[in-house]
There are 4 protein chains.
Amino acid sequence: MMISPSYKEKELVIMRALMRLLARGQTLAEIKTSDIAQEAGVGKGTLYNYFAAKEDIFARTVIYSIDTLLHGIWERMDRESSFRGKCYAVLFSIHEMMANEHSDLNLILFNLGSREAKQLLGGEISLIWRYLSAIREKVLQLAQTGADEGLFPPYTDEEYTYSAFASALMGFVHARCRMDLPTDGALRTAMGNAYTLLLKALN
Amino acid sequence: MMISPSYKEKELVIMRALMRLLARGQTLAEIKTSDIAQEAGVGKGTLYNYFAAKEDIFARTVIYSIDTLLHGIWERMDRESSFRGKCYAVLFSIHEMMANEHSDLNLILFNLGSREAKQLLGGEISLIWRYLSAIREKVLQLAQTGADEGLFPPYTDEEYTYSAFASALMGFVHARCRMDLPTDGALRTAMGNAYTLLLKALN
Amino acid sequence: MMISPSYKEKELVIMRALMRLLARGQTLAEIKTSDIAQEAGVGKGTLYNYFAAKEDIFARTVIYSIDTLLHGIWERMDRESSFRGKCYAVLFSIHEMMANEHSDLNLILFNLGSREAKQLLGGEISLIWRYLSAIREKVLQLAQTGADEGLFPPYTDEEYTYSAFASALMGFVHARCRMDLPTDGALRTAMGNAYTLLLKALN
Amino acid sequence: MMISPSYKEKELVIMRALMRLLARGQTLAEIKTSDIAQEAGVGKGTLYNYFAAKEDIFARTVIYSIDTLLHGIWERMDRESSFRGKCYAVLFSIHEMMANEHSDLNLILFNLGSREAKQLLGGEISLIWRYLSAIREKVLQLAQTGADEGLFPPYTDEEYTYSAFASALMGFVHARCRMDLPTDGALRTAMGNAYTLLLKALN
DNA sequence: GATGAATGAGTATTCATTCAT
DNA sequence: CATGAATGAATACTCATTCAT
């Protein structure tokens, strides 16, 4: 299920050090190679035995984070059997990721502009499409589950269906963004709104 | 309607020069003060007569762009009288903004990570909230229009209503992002999906 | 008579600073950009307003030194009217250059390997040939002077004649190199030997 | 006849690896310890079992090359019995050395500035004098041979005689340097000029 | 106000050397 | 003896900012 390759011990040490620094609130632009080395507990030179350049550390850490994140979300979904349970599992994962400064992905993504991200991912741009298609497949499976439960008819327009899930999810992200310190109530409301919208959209 | 203050002649010359550079495909990180000065046709020292620092040029250009963008969208909406016309006006504005490398806002936003953006907007973070509340108000007016036309019942849950618009819009943005070179057909489909979803969500 | 272009004030300040550092016994490889800047009394950044890179400073200083040196030798030769006087003027110039740690050229040349020198002179390799042909012309004029004085017959074989001057000169350089602290006597002997050899070779 | 000490197997492997790298056109400054180790087919650490430092490798390789070169020239001279044959043997050796990128010595010498060379030879500066005196002795023997053949009178001024040989040789080197791709004819002319000059100088 | 030459703090990267295995 | 992963000192170069004109 992991899409990217396996990692050497030291590579992980270094990438995790970078993520800890980001978790501490530092910007990518602020982080120096010496900071990463120190945080990782290795010499500065060692970085360059495993990564071609500072940028390379960033790029590969983004990929590692996406992998880890998706892996986490899917594990959580798979533990639920109902459509509703799976949807809330995703929403809850997203919420946690946004709440947790230490959450792998958001640290990276919120530190990159999209133009910059494209450059960082560079040659590995195809990875993006592989992620997107893996996600799409998962979404359509989920739609199937909902249809099986009789919550809405089986889909006939794949693109519309996918788009409905995307809309509900991103609407939730937007709502979540607008909360400074989300209360349980506000959170439940936002999740409920997303779920309601999804069902209406698919009926 | 412009939320930010008025600008001096030279300030505009400089901010527009920055936007031309971005339009040319350069990253914020790549752009040097000397580039901006040259593109603006002024001396490097002149920049510092109008802006406190390089970062300040960026920050104020972001705001200027948002202003310009929102102004444009609203003008376009106001030219339409029907609910459907207003909705498509917004979707079309977004599409254009994403298609047009020269579109003011996207140049800026796509060059900023959100963490960085927060820092840039800095003390002016309240501006963000003023924009958001202006937008919310406009959205609710729009919902009123739709209700008046009998397309859906008047809203009772303001947050849900706002969220539905946000979801439809962001779903469209996501769909639009997935098109490399959008065909007319694909575009119309994506807009149709967003509009359909919105109506279903509000009924 | 100067073969290379004219120099800006600051360029000269910098090149002369480099030469002072070399005169102080430092190797080219040891000299840092900051050393040059400090010795020149300018900021490190200023170096890069006048030279493209450290290597460029070296390369252009070599050329400047060669110019200066040749200019000096020729001035000295021109002050003498007799063949013998002109020859001794050259030998004496060479001696001085080798004795004087501050002599422009030797500082540079003795710090370069020939492979490195070729690279430094780089695109300006044609300059070398212009210098060599200027020298050859001067040598043949000198041969003419000697023939006019009846010291040896006019030359028929230009290459042999040029080669004889070169041999005598380089033999002197070799002899001079072998002296640690040259006494007046040893010096006069070496010059005498070179002059004798030259006359015999040309008769 | 070898002036420097004998070498261990691995030392030779390493020094020859360095020479191959130089032969390939790389500058001393460009060559890294890892390059030498790789070319020699040993681990980087092994270098330090046989040499104190990178500089030490260079220095001892210079000496090894000089030894090899002189040894080669003298062997060639000894195979000739006539004065003329011996002289041409030397000139031809020099020519070959300059023509052959792989010739041991020139690779080293043409990569060193003289200041640097002094440092490299370092404590072993006395070696230089031993070489020079061995050379001087050989030259005077050669002069004796020429006198025995009646080509010129026996020498009375040792220094002048030595100097004449040095001049002729260095004049040839200078001429040879000026040829880009030496033709047979040009080469024979240059050798003839050197030999002619030598005989004239000694008569 | 406008200019741009001068500045020097700041940083990614290299590579000789070591030493645990 | 042989190795090569780990190290960190060392350094060229950039570029935002200043200020004398």
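All chains are named by letter (A, B, ...) in the order of the sequence lines, taking the proteins before the strands, and each is independently numbered beginning at 1. Owing to the predicted nature of the structure, the values given are computational and were not obtained by experimental measurement.
Within residues 39-47 of chain C, the residues approaching DNA chain F are C/Lys44, by heavy-atom distance under 4.0 Å.
Residue C/Glu55 contributes atom CD, which lies 14 Å from atom C1' of F/dT11 at whole-angstrom precision. Atom-to-atom, CG of A/Asp35 to C1' of E/dA12 comes out at 12 Å; the value is rounded to the nearest Å. Separating the NZ atom of A/Lys8 from the C1' atom of F/dG4 is a distance of 13 Å, rounded to the nearest angstrom. The CD1 atom of B/Ile14 sits 11 Å away from the P atom of E/dG1 (whole-angstrom rounding). The distance from atom CG of B/Leu28 to atom C1' of F/dA16 is 15 Å, rounded to the nearest whole Å.
Scanning both residues, B/Arg60 and B/Met15, for their nearest heavy atoms gives O-SD, 3.7 Å. Of all heavy-atom pairs spanning D/Met19 and D/Tyr64, the tightest one is CE-CE2, 3.7 Å. Taking both residues in full, the closest heavy atoms of C/Leu28 and C/Lys54 are given as O-NZ, 4.4 Å, listed atom of the first, atom of the second, then distance. Considering every non-hydrogen atom in both C/Ile14 and C/Ala40, the closest pair reads CA-CB, 4.2 Å. The nearest pair of heavy atoms linking C/Ala17 to C/Ile36 is CB-O, 4.0 Å. Among all heavy-atom pairs drawn from C/Glu30 and C/Gln26, the shortest one is OE1-CA, 3.6 Å.
Residue C/Ala37 is out of contact with every strand shown, counting any heavy-atom pair closer than 4.0 Å.
Residue B/Thr33 has a polar side-chain atom (N or O) positioned under 4.0 Å from OP1 or OP2 of F/dA16. Contact between the side-chain N/O atoms of D/Asn49 and the OP1/OP2 oxygens of F/dA2 is found at a separation under 4.0 Å. Side-chain N/O atoms of C/Tyr50 include one lying less than 4.0 angstrom from OP1 or OP2 on E/dA6.
In this structure, of E/dA16, E/dA12, E/dA5, it is E/dA16 that holds the atom nearest to the side chain of D/Lys54. With distances taken from any side-chain atom of C/Lys10 to the nucleotides F/dC13, E/dA6, F/dT17, the minimum falls on E/dA6.
Remark: B/Glu39 pairs with B/Arg20, B/Arg24 by the salt bridge (charged side-chain N to carboxylate O under 4.0 Å, His left out) rule, at least two apart or across chains.
In DNA chain E, runs of at least 3 consecutive Watson-Crick or G-U pairs, each pair with both distances below 3.5 Å, span E:2-21 with F:2-21.
With the nearest nucleotide of DNA chain E identified for both A/Tyr48 and D/Ser34, A/Tyr48 has the one nearer the 5' end.
To the nearest 0.5 Å, atom CG of residue A/Leu47 and atom OG1 of residue A/Thr33 are 6.5 Å apart.
The main-chain N or O of B/Ala52 is found under 3.5 Å from a side-chain atom of B/Asp56 such that the two form a donor-acceptor pair.
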